[in-house]
Structure formats: structure tokens, C-alpha cells
Amino acid sequence: MPVRLRFDEEHALLRDEARRWLAERVTPAALRRLAADARGDDPAWWAQLGELGWTGLVVPEKCGGAGFGAVQLAVIAEETGRKLLPSPLLPTLLAAKLIELAGSDAQREQFLPRIAGGEAIATVAHVEPGGVWDARATTCTLSGARVCGEKAHVWAAPNAALFVVPARDAGSRALRIAVVEEGAPGVRVEAESVLDPSRRQGRVRFQNAACVPLAGDAAAAWSAWCAWAQTALAAEMAGGADAALAMTAAYAQTRVQFDRPIGAFQAIKHPLVNVLIATEQLRSLVFAAASALDAGDAAAALLARMAKAAASEAYASACSRAVQFHGGYGFTEDCDAHLYLRRALASRPALGDAREHRAAIARTLLDDGADLP
Amino acid sequence: MADELDDLRARVREWLRMNLPPAPPFALPQNALTVESDEQLAWLRAWQARLYDAGFVGAEWPAQYGGRGLARGAQRAIDQELARAGAPFLVNNVALAWAGPMILRYGTEAQRLRFLAKLLRADEIWCQGFSEPGSGSDLASLRTRAVRDGDSYVIDGHKVWTSLGRFADSMILLARTDPNAVKHAGISYFLAPMRVPGVEVRPLVKLTGEGGFNQVIFTGARIPADALLGREGQGWELATATLSFERGASEGSAGASGMGGAGFGELLALLRSAPATLRADAAVRDRFAALAIEATALRYDAARARVPGLVTDRPQALPLMAKLTGTEHAQRLADFGLELLGADASLGKDATAPGAGGWARSYLGSFAGTIAGGTSEILRNLLGERVLGLAKSR
């Protein structure tokens, strides 16, 4: 049976609230100001996100959060993606989700209230030098309550208070997940120079760093988390693709050449419609994946991969058309198109690119005999 | 509501278990637009009548016009169960999906009583007379004339691509009633009888080698004045509404017919049974997965279109996309299937051809989808203009 899509009044209210908050603050001018800023995000915004309760959006209620599900997360991700919000909300929410999935009750109580309350920026440090993102291939090691190894391209690393770190148990070789506090002895964080200044990232080295190994089944938690993370990132990318499309369509309505708005030319119109189609299909996959996660449907993993694969392609092509169809202006720093293009290119490989997900989808359908979700 | 639909689905499944007919001794066409012989028509007509008598055609239409008056969603549930069971298609497709909903919405009481029950049961077959040799994408340039003469209109002109034309009792016909009005304003819409003097139907052969296609030549054909739907000059507005039904962008169909052809299930089966070397090929797997993603996206596009909160930003996008994305996906899928056959793709309807030549037939036939009812190019114009607000291309 296909997944039943869920979206009701409370989702719509959250979306309206997000749109209002973002529209008043996260403007292209603010993005340019923060791009030149050493920290890269506005601490006042982060404080407000905590007051709004968004930093605890998917944190269980008994740990101080709102206890919302994947559809709400998709709504917030889509809206923040539309505006390229530089605050590390998505990394923090996804880190909270992994602690929830892999931690014991006591461990959730230990970390999640700090995250939900907005005190702690958190991030999952899962990518390793060379770009391997899947924790099941980690080369970091965990011995007792000490972690060793190196992570790269860690979102929000320069500003994070908590790192959620997949590592291999030095004894059993099993996958484990540990939480490391920034500032603990043996933790060294180095900001990376980034393609997309609206999402900062860094390299983190752990040299026998003290950590809290999470008690749950790490492999199961990791698989479940991937579906959440891919869905949320795909939602963010859908919002970005939609914004890039909207700005290009608006330009094509008003820019006149050969005595006509350039949108009248099918050389512009038809490729833009292809972007529209890809973006709308992406949104359908995102909300299918999110609804499947909330329903506990086993199809969620496959739908999340489909959504991320579609997002990797749709967002990049929406932005490439945005730059191209703005002509000479599109090639300038003044035009906002490159702000989206940078986010699209940086997000494209994150949590798996399209080619990798398609290979996995083929395995699921052809070799494992699964049905179309 | 959901419970009622579940009950209905169960009833359809149960009925199909008892009543799904064995295949006839002759080949059935892939869809309603490809019916070519009398025996095919008779068999398909009988099947639609049985489905109607069981209550599965016109489920949501009012009872006084032959429908069952069920709640919204009932027909879609029935159509899905029929498709899932692989039931034969409904032959009176033009009537159920386009002509019927138009008569229900715009017809007089007399027209509704005259036509609707008969078309639901396939007692009367309908065809469509829109396109002309000189008027395809630019439909409003049509030249067929209808001249009022007492209680009649006299029709002269030439219609093409008329599926079911040879069998049809009636045609939804566009003709120019006012030659002096500007292009769109002079057109009227008729529910025209086909079995009158001056109507000649000539068969055309499709690129698949199949028949079912016709041209219809009107030479002084006299039709009653009350065959007019709506008002004189309202034809373009009504034609646009019909195209919206034809593209699946409006709800109200009395039964789905489908284009037939290979679907994702066939592709999956083909690859699962393919030689290991082919199945292991990374390029093959990549293309296969891309089609799987697209098939899934189409499924959830349709689901999302029915969730108001998820379409608030662009309410027209998904309905206007449906025909374009569905037919282009079907075309890509059939093309890929045919390519996977390797050298066997060179076979025609040869008995040794994989799927008895079905992949070639599906691919060749897929162009009906991307051309009929507005070409993909015209639909991209429509989406660009109506959804993205871009200036008209003409």
C-alpha cells in the first residue's frame, strides 16, 4: 500500500510561523553580512530559534522538546532552505535525533534538554577525510570512553558544543556512537574554507578524547537516522530549488530583450518548466518519505534515498538555470543566484549523491525483491 | 468515509474474483484508442456493460442520469482495483472521461437524460472531433463550419485522428458558427450524431501498424439544432474544459481507461529475469533506478495533489503536470525496456520476441500519449504561462 500523506492544520500553522520569522530576518543582505563574518551565523537568531522552540522541534517532550515528527521537520527544513538560513538548526536537530535513536533514557536526559533549550549547538560528525560519509565505514575507534580519529566536513563544527561521533569499537569492531563535548581534552576543531558560506563546516580531530558512548544499538540507530537525515536535507534542498526557480521565473517575467519578456521564449520557458517539474516531484518524494517515517513504515528508507537522489539533481539544475537565465547579471556577486548554487553544490554529495542512492535503490528493488514504495 | 471506500474496494475485488473474463480468442487492443475490429468492439462493449450493471461505472454520477451517486473518491478506488486486477479497459473512454463529464456539467436536462445513461453502459459509443488537418496545436484555427438552417445546423469540414470514429454513435464536435468573429469567439461545441447522411468515416493506419484511427469528412451533414452544447460562441471555453478532463487535470470521470502499454511492473519483471550480466551492469541499474524514482514521484504527485495543504503555493502545478509527466515517463520506460532486449528488439510481433513484441508496441504507441490532447511542447507552454507566470509564447 502506498504511504498516506499527512499534512493538516498544525503543519500549516508551523509553516506560516516559519515563513514570517524567516522573511523578517534572513534576507540576502543579511546573508552577505554573515558570509563575511568569522562565525557565520547570528547568535541573536539562534537565541530566538530556542525561544520559538524550533531547536527542540523533534526532541521528545519529556526531554524538553516539542516532540514533533518528520513532517514538521520537513516543513521547517523546506522553509529554512528557501531562505538559506545560516543558523545550524538542521545539524542540531539531526544530532538530537541520533542521540535519541542511539541513547538510553538517561543519556537522552543528559544531552537533549540542552539542545532543545537552545544552549547547545550539536552536530553529527560522520564524514571522514576522503569524503566517506557512511558511518558503517568509519575508521575512528572507541576504547572504553575514549575516542580517536578524524572527521571532516562536519557541519557547524566551529560553533558546536556537542559532537555525535560514530566510531568502531576497538575490541568488537562493532559500530558505536558517542557524544563528545567541545573543549574536552583531545578535541581539536579547525574551520574549513567553504564553498557555501551560509553553512560552515570544519575538521575535527579526536585524540583519546573523553566521550559518552551511547548505549543503544548503534547500527540500527544509524540506519534509522539516515532516513531522517536524508529526508530533512532533501526537504531543505526542495525549498532552495523552489526559491531559485521563483527568482528565475520572476526575472524572466520582467527582463525584456527583443521587445519581449524573455520568459516568452521557449528556450527559457521549457527548461524552467523542467525545473518546476523536478522541484514538484522532489516535494512529493520528500513528503512521502516524511509521512512514512511518522507512520513507522518500512518504506521510509527507500523513499528517503529517492528523495535525496532527486534533491541532488533538482537543486543543482534549478540553480544552474538560475545563473544562466540571469545572463551577465547572473555571473555577478550581486545576483543571488550563486548563493543558492553554492548551497546546492555543497548539499549535492552530502548524505550520499544521486548515483550512490540510485545504486542502492537498484539493489533494493532488483536484488532484495522489494516493491516500489 | 475511508471505511466506506475500503468496503467498496473489497466489493470490487470480490466481484472481480467471480467475474473477471477469460481472454477472448482474438487479440485485444492495448487501449480504447486502438480498437479496430467489430469483434473487439463487441467484446469490450459487453465487458463495460457488465461492469456498469455491477455498479462500477459512473459511481459518483447522480442516480437520475444512470450513476450510483456515491461519494467523491469512489470511482478512483474502483479504477485502482480494476487496474490492480489487470481488468480489461473501458472501451467508451471518450464518453466516460471527456464527453460525459462535459454533458453533466454544461448540458441541458434533456441532453443529460438523452445521453448519459447510454454512454455509461457503452450502449452508445462516442468519439471526439477537435483536430483538423490544418489545426493541431493551434486548435482555435479550425475551419469546419456549422451553419444554422431552421431546426438544424449544416456541417461541412474535415476532422482527423478520430479514435473510435468508425464505431461511434455521437461525436463531441467543434465547429465555427461565426466566420466573422475573431478566432476563438466564433467556435461552438456540438453533441453531434454520427449516423446521419453526409458523414463519411475513413480509416487511418497508425505508426504501430494498428488501426482505430480515422478521419471524418462532413459534407452538408444536417444535425439537430439542440445538439448544441452551451451557447453559440461558447465552444472554445468548453473545449478548454474538455482538454482539462482529457489531461486528467479535472475530476469527474465516470471510469478510467488508461493508455495500456508497459508499466514499471513490466520493467521490473523484465530486469529480474534478465541475464545476470545485464542485471549487474551499473549503467543499466542506474537508469532503472532513475525510472523507479520517477515512477514513485508520479505516484506521490497524484497523492499530494489531493492534500490541500501541500499544494497551496502552486495549486495548478500538479494537475497541469500530470499528463505531461505520466506520458513522458511511459515513453522513457518503454524505450529503456526495448533497449534492454538487445538484438531481439529488432523483432516485430514475432512469437519468439520477448513479450510477443509488447515493448516495441509500447514504445511506438507511447507517442500517442505525448502528442494527443495537447503535445508535451504545448503543455510546457501552458505550465510556464499558467504556473510560472511567464509571458505567452505566441
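All chains are named by letter (A, B, ...) in the order of the sequence lines, taking the proteins before the strands, and each is independently numbered beginning at 1.
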Quiz prompt | side-chain contact (heavy atoms from CB on, under 4.5 Å) between Leu291(B) and Arg358(A), intermediate numbers included | solution = CA-CA 10 Å; Leu291(B) 286 164; Arg358(A) 286 198 294 261; over 6 Å; no
Quiz item: After noting the C-alpha distance and the side-chain angles of Gln281(A) and Leu298(B), does the key distance pass the side-chain contact (heavy atoms from CB on, under 4.5 Å) rule?
Solution: CA-CA 7 Å; Gln281(A) 293 187 332; Leu298(B) 292 177; 3.7 Å; yes
Quiz item: What residue, out of Val307(B), Leu271(B), Asn381(B), has the most heavy-atom pairs lying under 4.5 Å from chain A?
Solution: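 It is Asn381(B).
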Practice problem: Select, from Gly389(B), Pro308(B), Ala282(B), Gly384(B), the one with the greatest count of heavy-atom pairs under 4.5 Å involving chain A. | Solution: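 Among Gly389(B), Pro308(B), Ala282(B), Gly384(B), the one with the most close pairs to chain A is Gly389(B).
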Could you tell me the separation between the [atom1] atom of [X] and the [atom2] atom of [Y], rounded to the nearest 0.5 Å?
| X | Y | atom1 | atom2 | answer |
| --- | --- | --- | --- | --- |
| Ile293(B) | Ile361(A) | CD1 | CD1 | 4.0 Å |
| Glu328(B) | Ile277(A) | CD | CD1 | 7.0 Å |
| Leu366(A) | Leu268(B) | CG | CG | 6.5 Å |

Quiz item: For chain B, which of Thr364(A), Asp371(A), Leu365(A), Thr254(A) has the most heavy-atom pairs under 4.5 Å?
Solution: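 Maximum pair count with chain B is reached by Leu365(A).
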Quiz prompt | Interface residue of largest heavy-atom contact number with chain B, from Ala354(A), Ala246(A), Ala250(A), Ala288(A), under 4.5 Å | solution =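 Winner by heavy-atom pair count: Ala288(A).
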Given that the side chain runs from C-beta out, which part of [X] has a heavy atom under 4.5 Å from chain B: side chain, backbone, both or neither?
| X | result |
| --- | --- |
| Ala12(A) | neither |
| Arg260(A) | side chain |
| Phe7(A) | both |
| Leu245(A) | side chain |
| Leu302(A) | neither |

[X] side-chain N/O to [Y] backbone N/O, donor-acceptor pair under 3.5 Å:
| X | Y | value |
| --- | --- | --- |
| Arg314(B) | Glu280(A) | no |
| Ser393(B) | Ala264(A) | yes |
| Tyr300(B) | Val3(A) | yes |
| Arg283(A) | Arg304(B) | no |

Quiz item: Quick one: do the Arg299(B) and Ser284(A) side chains pair a donor with an acceptor below 3.5 Å?
Solution: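 Arg299(B) vs Ser284(A): no donor-acceptor pair found between side chains.
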Quiz prompt | Proximal to chain B - members of residues 266-273 of chain A, heavy-atom separation under 4.5 Å | solution =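 Checking residues 266-273 of chain A against chain B gives Gln266(A), Lys269(A), His270(A), Leu272(A), Val273(A).
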Measuring heavy-atom distances to chain A, does [X] have an atom under 4.5 Å in its side chain, in its backbone, in both, or in neither?
| X | value |
| --- | --- |
| Ala290(B) | both |
| Val311(B) | neither |
| Leu379(B) | neither |
| Asp313(B) | side chain |

Quiz item: Salt bridge check: are Arg285(B) and Asp367(A) linked by an N-O gap of less than 4.0 Å?
Solution: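 Yes.
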Quiz item: If you take all heavy atoms of Ala252(A) and Leu390(B), which pair is closest and at what distance?
Solution: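 Closest heavy-atom pair between Ala252(A) and Leu390(B): CB-CD2, 3.8 Å.
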Practice problem: Please name the pair of heavy atoms, one in Leu372(A) and one in Ala295(B), separated by the smallest distance, quoted to 0.1 Å. | Solution: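 That closest heavy-atom pairing would be CD2-CB, 3.8 Å.
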Quiz item: Tell me, do Pro373(A) and Thr296(B) make a side-chain contact under 4.5 Å, heavy atoms counted?
Solution: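 With C-beta onward as the side chain, the pair touches.
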Exercise. Return yes when atom CZ of Arg19(A) has more than 12 non-hydrogen atoms of other residues, nucleotides or ligands closer than 6.0 Å, and no otherwise.
Key: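 Enclosed: over 12 neighbouring heavy atoms sit under 6.0 Å from CZ of Arg19(A).
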Quiz item: Are there more than 12 heavy atoms of other residues, nucleotides or ligands under 6.0 Å from atom CZ of Arg355(A)?
Solution: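 No.
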Quiz item: Taking it one step at a time, do Arg15(A) and Thr312(B) satisfy side-chain contact (heavy atoms from CB on, under 4.5 Å)?
Solution: CA-CA 11 Å; Arg15(A) 181 173 60 196; Thr312(B) 44; 3.1 Å; yes
